[in-house]
Asks: 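Next up is a structure, given as structure tokens.
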Amino acid sequence: MQIDRHDGAYKMNINYRLKLLRNEMCRHNIEAYIVPTCDFHGSEYIGEYFKTREYISGFTGSAGTAIVTMEEAVLWTDGRYFLQAASQLEDSEFILMKSGEPDVPTMKEYISQKMRYGSVIGFDGRMMPASLAEDISGIEGICADGNMDLIGEIWKERPEISCKPVWRLPEKYTGMTYVCKIAEVRKEIKDAGADILVITSLDEIAWLLNLRGNDVECTPVFMAFMIVTEKESILFIQQKALDSKIKELLEKDGVIIKNYYDVYGYLEKISHKRLWIDKETANYNIIKSVHNTNNIINRFTPVLTLKAVKNPIEAKNMRQAHLLDGVAMTKFIFWLKKNVGKICMSEISLGEKLEEFRKRAESYIEPSFKPIVAYNEHGAVVHYSATEETCYEIKPEGIILIDSGGQYLEGTTDITRTISLGNVSDKMKEMYTAVLRGNLNLAAAVFKEGCTGVSLDYLARKPLWDKGMDYNHGTGHGVGYLLNVHESPNAFRYRIMENPQMNSVLKPGMITSDEPGVYLENEFGIRIENLLLCVEKEKNQYGRFLGFETLTFVPFDRELINVDEMTAEEQKLLKQYNEKVYREISPYLTEEEKRWLRENQ
């Protein structure tokens, strides 16, 4: 029988797990144990083997860190998950720490306040980002031990680490051979004054080698580490994941294949070299393997920055992926509006129905993340995930927020639409129109080369800020090419990040989401999301000016728009977008669907 994560018995089970963990903590003489959301590679979305934080806390969101002491258990997560975490932690021993909120301590502050001098804090160093571990290790009077997989000691039915077949992505999709990519990376290594690049991020390795896998749900990557030197490329991988053809091809082009876990021993032998390692994705044990840490250049890898700028073939393919996705989503919205109230629907069944429409495309592979289908007040939970226990029946009234995406051979999509199901309130229309205005204004931005997302975020938030309102998440994130749906370093946000590398300059070829929203607890939530391709607009005596091409082809909901609240320029932008959607999508629609699309512009 499936356990209800909101059921009291499950919460008792969580508290029992905490008791077992504390027994292990006593046995190892440690005062606190840290459980981050991570795998061996600093990934956002992780395989089942790595879901230790979910196992110990019951919280299922994609971001969060738990700390368990002998007296209490606490969990930090960000604004996307405040409501979800509060619900899932309720009645368990866990206390929610809302990251970034006033009077909420950081993890470092919490440890400094709670731990006595000489305390030992344990964690699994393979699953702890090096940057976080070093922060904790640097607290005066605290001893950090990264050799403790205590969750593994108590998780008796823990799944195996995934090892699914790796597959090639042809050059007609990648636009560049992996031999050329490695050559570019080697040039960057030399320019940085490094001897060796250590790549720990799964999406970076997949992009660099033009390979994909299935080891993480919704993210086509495979478990591996990689090292690039002036003359060698070494792939550390579970070798049974490679078929003979791929292995032969890699070896022919000079890629050396080694066993996955051999990376630690290899690093010990070369730690006298000048190593380029990104501590944001490298795990703590990777860094510990390098005896002389003074030899480490800690910065984003050249792979991360190269893959963020899509080449012309990737950009062309991404347009095709969004056309396919736009057809699927538009047909789905038409079907939903036509059938709501006539047949039985639920949040879960709508997610399944949308997947049916996407699967009609021959190049479709899988979702790019688990869909968010949130009816009425569920929409106020930013990353709501329907379960059999929480799932709402859909009625012909109110609004529904659907945030979803697909992985196609032509690329990755991510789209959110808030849809009227009938009898919507004036307040819903007011909020929807404000969010739409922000979305349109950001997409229409023209800016000088050198701007970051911080420079432009205000355009999306202004209609809400004018009303004294806001949303507790970034306005946009980078998107990978048949890889991570959330990709660094480009983003739209109003806060300047402490890590200066995260304040990335926007460059032509970067793809970033445009997704303002508003969330009214116990009422409803609204979010509208399109993906934007950064392009050059003009070059003149004042410099180079950039802007955006909107990749997403899906109509906004006319029933929720109050045009009287829009400026003449915003109404013009809306009309232009509607015309573009009709022009691109209508050839793939039935006559009835075309008529509906035209009438609802």
Side-chain angles (χ1 to χ4, degrees), residues 321-361 364 367-368 371-376 378-379 384 386 392-406 408 413-424 428-429 432-433 435-436 439-440 513-515 517 524-531 550-561 574 577-601:
H322 282 81
L323 177 61
L324 295 171
D325 207 61
V327 171
M329 191 75 189
T330 301
K331 284 178 171 287
F332 166 77
I333 294 172
F334 171 77
W335 173 89
L336 172 59
K337 285 182 173 284
K338 183 178 179 182
N339 290 286
V340 65
K342 299 176 184 176
I343 62 176
C344 184
M345 299 176 182
S346 70
E347 291 170 327
I348 290 176
S349 73
L350 285 184
E352 293 169 346
K353 187 67 179 180
L354 177 52
E355 180 72 359
E356 288 179 23
F357 280 100
R358 282 200 169 104
K359 283 181 176 178
R360 294 178 185 179
Y364 180 72
S368 55
I372 298 166
V373 183
Y375 182 48
N376 283 343
H378 280 169
Y384 170 75
Y392 276 168
E393 179 185 348
I394 308 303
K395 299 176 182 177
E397 60 186 22
I399 57 177
I400 190 162
L401 185 158
I402 300 178
D403 186 349
S404 66
Y408 298 81
T413 69
D414 184 6
I415 174 176
T416 308
R417 285 296 182 269
T418 304
I419 304 163
S420 164
L421 300 177
N423 194 28
V424 295
M428 290 174 176
K429 291 181 180 180
Y432 183 93
T433 304
V435 172
L436 174 62
N439 177 282
L440 291 170
S513 68
D514 171 7
E515 48 182 312
F524 58 83
I526 291 168
R527 185 163 64 253
I528 299 172
E529 177 185 18
N530 287 343
L531 296 193
T550 300
L551 296 176
T552 307
F553 302 124
V554 177
F556 301 123
D557 198 314
R558 187 67 182 81
E559 296 174 46
L560 285 164
I561 301 172
L574 176 61
Y577 182 79
N578 285 339
E579 289 173 349
K580 184 177 181 181
V581 169
Y582 188 84
R583 185 170 63 250
E584 298 291 341
I585 296 296
S586 61
Y588 306 95
L589 303 181
T590 66
E591 289 303 317
E592 187 180 10
E593 291 166 340
K594 284 182 189 178
R595 189 163 54 252
W596 165 79
L597 183 59
R598 176 60 78 189
E599 290 172 354
N600 285 274
Q601 288 190 342

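Computed from a predicted structure; not experimentally measured. Computed from heavy atoms alone, side chains included, the values below leave out hydrogens, waters and symmetry copies.
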Asks: Does any non-hydrogen side-chain atom of Lys338 lie less than 4.5 Å from one of Trp596?
Replies: no
Asks: Do side-chain atoms of Arg527 reach the backbone of Thr416 as a donor and acceptor pair under 3.5 angstrom?
Replies: no
Asks: Just to verify, which of Val340, Thr330, Leu350 counts as forming a side chain to side chain contact (heavy atoms under 4.5 Å, CB included) with Trp335?
Replies: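 Looking at Val340, Thr330, Leu350, the match for Trp335 under the side chain to side chain contact (heavy atoms under 4.5 Å, CB included) is Leu350.
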Asks: Please determine whether side chain to side chain contact (heavy atoms under 4.5 Å, CB included) holds for the pair Lys353 and Leu336, giving the CA-CA distance in whole Å, both sets of side-chain angles, and the decisive distance to 0.1 Å.
Replies: CA-CA 9 Å; Lys353 187 67 179 180; Leu336 172 59; over 6 Å; no
Asks: Which pair of heavy atoms, one from Ile394 and one from Ile400, lies closest together, and at what distance?
Replies: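 That would be CD1-CD1, 3.8 Å.
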Asks: For residues Asn439 and Phe556, report the shortest heavy-atom separation together with the two atoms involved.
Replies: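 Looks like OD1-CZ, 3.9 Å.
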Asks: For Tyr384 and His378, take the angle between the two ring planes, folded into 0 to 90°, and tell me which bin it lands in: parallel under 30, tilted 30 to 60, perpendicular over 60.
Replies: parallel
Asks: For Arg595, is there an ion pair with Glu592 - N to carboxylate O distance below 4.0 angstrom?
Replies: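 Arg595 and Glu592: not salt-bridged.
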Asks: Distance from Leu401 atom CG to Ile528 atom CD1, nearest 0.5 Å?
Replies: 9.5 Å
Asks: Rounded to the nearest 0.5 Å, what separates atom CG in Leu323 from atom OH in Tyr588?
Replies: 4.5 Å
Asks: Check whether Tyr432 reaches the backbone of Ile419 with its side chain - one donor and one acceptor, N or O, closer than 3.5 Å.
Replies: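 Such a contact is absent between Tyr432 side chain and Ile419 backbone.
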Asks: Under 3.5 Å, is there a donor-acceptor pair between the side chain of Thr433 and the main chain of Ile561?
Replies: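 No.
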Asks: Quick check: closest heavy atoms across Ile399 and Met428, and the distance to 0.1 Å?
Replies: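 Answer, listing the atom of Ile399 first, then Met428: CG2-SD, 3.9 Å.
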Asks: Answer whether the closest heavy-atom distance between the side chains of Thr590 and Lys331 falls below 4.5 Å.
Replies: yes
Asks: Quick check on Tyr582: does its OH atom have over 12 non-hydrogen neighbours (other residues, nucleotides or ligands) under 6.0 Å away?
Replies: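 Yes - once you tally the heavy atoms of other residues, nucleotides and ligands closer than 6.0 Å, there are more than 12.
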Asks: Answer yes or no: is there a side-chain heavy-atom contact under 4.5 Å between Glu355 and Tyr364?
Replies: yes
Asks: Got more than 12 heavy atoms from elsewhere within 6.0 Å of NZ, Lys580?
Replies: yes
Asks: Using side chain to side chain contact (heavy atoms under 4.5 Å, CB included), reason through Thr550 and His322 one step at a time and then give a plain yes or no.
Replies: CA-CA 10 Å; Thr550 300; His322 282 81; over 6 Å; no
Asks: To the nearest 0.5 Å, what is the distance between CG on Asn376 and CD on Glu397?
Replies: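 The CD atom of Glu397 is 7.0 Å from CG of Asn376, to the nearest 0.5 Å.
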Asks: For residues Asp403 and Asp414, determine if any side-chain heavy atom of one lies less than 4.5 Å from a side-chain heavy atom of the other.
Replies: yes
Asks: Checking side-chain polar atoms at under 3.5 Å, does Asn578 have a donor or acceptor matched by the opposite partner on Arg598?
Replies: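 Asn578 vs Arg598: no donor-acceptor pair found between side chains.
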Asks: Might you point out which heavy atoms bring Met329 and Ser404 nearest each other, and give the distance in Å?
Replies: SD-OG, 4.4 Å
Asks: Between Glu352 and Pro371, is there a side-chain heavy-atom distance shorter than 4.5 Å?
Replies: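 They are not in contact (no side-chain heavy atoms under 4.5 Å apart), so the answer is no.
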Asks: Apply side chain to side chain contact (heavy atoms under 4.5 Å, CB included) to residues Arg558 and Ser420 and explain how you reach the verdict.
Replies: CA-CA 9 Å; Arg558 187 67 182 81; Ser420 164; over 6 Å; no
Asks: Quick one: closest heavy-atom pair of Asp557 and Glu559, and the distance?
Replies: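 So the minimum-distance heavy-atom pair works out to OD1-N, 3.0 Å.
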Asks: With rounding to the nearest 0.5 angstrom, report the CG to CG distance, Asp514 to Leu551.
Replies: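 Those atoms lie 11.5 Å apart.
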Asks: Which value, rounded to the nearest 0.5 Å, describes the distance between Glu515 atom CD and Leu531 atom CG?
Replies: 8.5 Å
Asks: Mind running side chain to side chain contact (heavy atoms under 4.5 Å, CB included) on Glu593 and Leu597 for me, showing each step along the way?
Replies: CA-CA 6 Å; Glu593 291 166 340; Leu597 183 59; over 6 Å; no
Asks: For Leu421 and Tyr375, which heavy atoms make the closest approach, and how far apart are they?
Replies: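 For Leu421 versus Tyr375, the nearest heavy atoms are CD1-CE1, 3.6 Å.
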Asks: Without hydrogens or angle criteria, can the side chains of Thr413 and Arg358 be said to hold a donor-acceptor pair below 3.5 Å?
Replies: no
Asks: Distance check, rounded to the nearest 0.5 Å: Ser349 atom OG versus Ile343 atom CD1?
Replies: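 Ser349 OG to Ile343 CD1: 7.5 Å, rounded to 0.5 Å.
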